Amino acid sequence: MDQSDLLERARRRSSDPTDPLEILTAAIALSTELSSEADILLDQAVRDAREAGASWNVIGERFGFSKQAARKRFTPPFAGRHLANRRKKRDASCSFCRTPPGPRVHMVHGEGGRICDKCVALAGEIVADLAKRR
Ligand SMILES: [Zn+2]
């Protein structure tokens, strides 16, 4: 699927295929769906590779990041299966918005907590806004 196919899909979905802002609105919705599909694809492929015996090290190499990063990025969906109780899940939730980990939630782990992808994006916007005002 190339770029123009995707744009055509967005155009067909938009309420007015001649209005660039309506196409943008449809493109945003489509993009969210595609990234969810991409997440599901990667989670499944990683799960399959793990079940086939691939180490986190080898999986991390394929992504171009470290074993620790691979484990952190992909552990929540696997860990979810083995969690004995909800407390652990709550402990693994975003320290800012309390979103629990899941296949569509990417967490960045730090020493004293973790932050989900949405909070990272929001924090990025806030910092960018502050930088502009200086
Ligand atoms: Zn969050």
Side-chain angles (χ1 to χ4, degrees):
M1 202 182 308
D2 69 23
Q3 211 179 321
S4 58
D5 289 338
L6 288 172
L7 195 57
E8 187 49 42
R9 266 173 80 178
R11 207 174 276 134
R12 268 186 271 121
R13 271 177 175 223
S14 67
S15 57
D16 179 358
T18 62
D19 181 345
L21 282 178
E22 289 305 321
I23 296 167
L24 175 61
T25 302
I28 291 166
L30 182 60
S31 148
T32 304
E33 282 174 33
L34 292 172
S35 67
S36 298
E37 283 175 36
D39 285 349
I40 292 165
L41 167 69
L42 288 180
D43 286 338
Q44 187 59 57
V46 167
R47 191 174 302 144
D48 290 349
R50 286 290 294 162
E51 279 170 12
S55 68
W56 285 114
N57 219 358
V58 167
I59 291 169
E61 269 172 30
R62 295 298 164 111
F63 279 94
F65 47 65
S66 72
K67 171 174 85 176
Q68 285 80 4
R71 186 183 284 141
K72 279 175 182 166
R73 159 67 179 80
F74 290 105
T75 290
F78 309 118
R81 273 195 227 154
H82 306 294
L83 286 180
N85 52 44
R86 278 174 181 224
R87 171 138 182 83
K88 275 188 185 167
K89 203 159 193 176
R90 207 178 327 124
D91 288 346
S93 64
C94 174
S95 305
F96 294 84
C97 71
R98 291 288 154 212
T99 295
R104 294 182 189 184
V105 181
H106 301 162
M107 293 287 177
V108 178
H109 297 250
E111 293 247 332
R114 57 218 67 69
I115 184 168
C116 73
D117 43 2
K118 284 188 182 137
C119 288
V120 167
L122 182 61
E125 284 171 24
I126 292 167
V127 170
D129 278 351
L130 290 174
K132 261 187 254 165
R133 279 185 223 163
R134 255 183 238 139

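Computed from a prediction, not measured in an experiment: that's the story for all the values here. Atoms within a ligand are numbered from 1 in the order they appear, just like the ligands themselves.
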Worksheet, complete the sentence: So CD1 of Ile40 and CD of Gln44: to nearest 0.5 Å the spacing works out to 9.5 Å
Discussion item. Any donor-acceptor pair under 3.5 Å linking the side-chain atoms of Asn57 with those of Glu61?
Written reply: no
Worksheet item: If every non-hydrogen atom of Arg13 is compared with every non-hydrogen atom of Ala26, which pair is closest and at what distance?
Response: CB-CB, 4.0 Å
Item to complete: Flag the pair Met107 / Cys94 as yes when at least one side-chain heavy-atom distance between them is below 4.5 Å, and no otherwise.
Response: yes
Fill in: Any Leu30 side-chain heavy atom under 4.5 Å of Arg9 side chain
yes
Worksheet item: Who else is in the cluster with Ile126 when I, L, V, M, F, W and Y are joined by side-chain contacts under 4.5 Å?
Response: Leu122, Leu130
Response to the item:
Listed as residue and atom, the protein N/O/S atoms under 2.8 Å from the Zn ion (ligand 1) are Cys94 SG, Cys97 SG, Cys116 SG, Cys119 SG
